[in-house]
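A quick write-up on the structure given underneath.
The model shown is predicted, which means the values in this text are computed figures rather than measured ones.
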Amino acid sequence: TEELIACADGMITFFSTTAIDCVLLGVPLMLVNLEDEHNFLPFADMGAAISATCKEDIQSCIYNLLYPSKKIQLKQKEVSEYFNYKNDHYALDRIIEYIYSLF
């Protein structure tokens with residue numbers, strides 16, 4: 001799935017964990033929720049995704065998905081770093097150090 005998302009120009013979803021992959025990979029993301037105003041995923045509220053909450057929003061949201069603003073791209077990077085804390089291949093070392101510090 002990640003390989004498909006990585007080569008995509010954008011993705012539209014309602015509620016899927018693939019939205020997390022989009023944000024982590026920097027792929028433009030559109031969340032569609034026409035049922036209520038509650039967002040299941042926080043990305044639109046965090047400024048890292050486009051959100052359509054009524055059918056009238058869909059056309060402009062698709063345009064914004066195809067031509068994302070620099071602001072959304074920067075927010076995706078910021079949110080990605082928040083959700084993917086220190087992706088430096090040293091997570092196991094930090095966990096072991098923490099465990100040793102407890103003794």
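In this structure, Leu34 and Thr53 have side chains that are not in contact, with every pair of non-hydrogen atoms separated by 4.5 Å or more. In this structure, Ile58 and Ile62 have side chains that are in contact, with non-hydrogen atoms separated by less than 4.5 Å. Residues Phe14 and Asn33 have side chains in contact (heavy-atom distance under 4.5 Å, counting atoms from C-beta outward).
Listed by chain and number, the residues in a side chain to side chain contact (heavy atoms under 4.5 Å, CB included) with Tyr67 are Tyr63 (sequence neighbours excluded). Here Leu74 pairs with nothing under the side chain to side chain contact (heavy atoms under 4.5 Å, CB included) rule; sequence neighbours left out.
One hydrophobic cluster, built from ILVMFWY side chains closer than 4.5 Å, cannot hold both Ile72 and Phe43; they sit in different ones.
Nearest approach of Val79 to Ala48, heavy atoms of both residues: CG2-CB, 3.9 Å. Nearest heavy atom pair, residue Ala19 against residue Met11, reads N-CE, 3.8 Å. The heavy-atom pair separating Met46 from Lys75 by the smallest distance is O-CD, 3.5 Å. Taking each heavy atom of Met30 and Ala52 in turn, the nearest pair found is CE-CB, 4.0 Å.
Distance SG/Cys22 to CD/Glu2: 10.5 Å, rounded to 0.5 Å. Atom CG of residue Leu25 and atom CG of residue Leu4 lie 11.0 Å apart, to the nearest 0.5 angstrom. Atom CD1 of Ile5 sits about 5.0 Å away from atom OG1 of Thr18, to the nearest 0.5 Å.
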Could you list the donor-acceptor pairs under 3.5 angstrom formed by side chains in residues 91-103, with sequence neighbours left out?
| residue | atom | partner | partner atom | Å |
| --- | --- | --- | --- | --- |
| Arg94 | NH1 | Asp88 | OD1 | 3.2 |
| Arg94 | NH1 | Asp88 | OD2 | 3.1 |
| Arg94 | NH2 | Lys86 | O | 3.1 |
| Arg94 | NH2 | Asp88 | OD1 | 3.3 |
| Ser101 | OG | Tyr98 | O | 2.6 |

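Using modelled atom types, one side-chain atom of Gln76 and one backbone atom of Val27 make a donor-acceptor pair closer than 3.5 Å.
Paired with Ile12 under the rule side-chain contact (heavy atoms from CB on, under 4.5 Å), one option of Leu29, Val32, Leu31 passes, and it is Val32.
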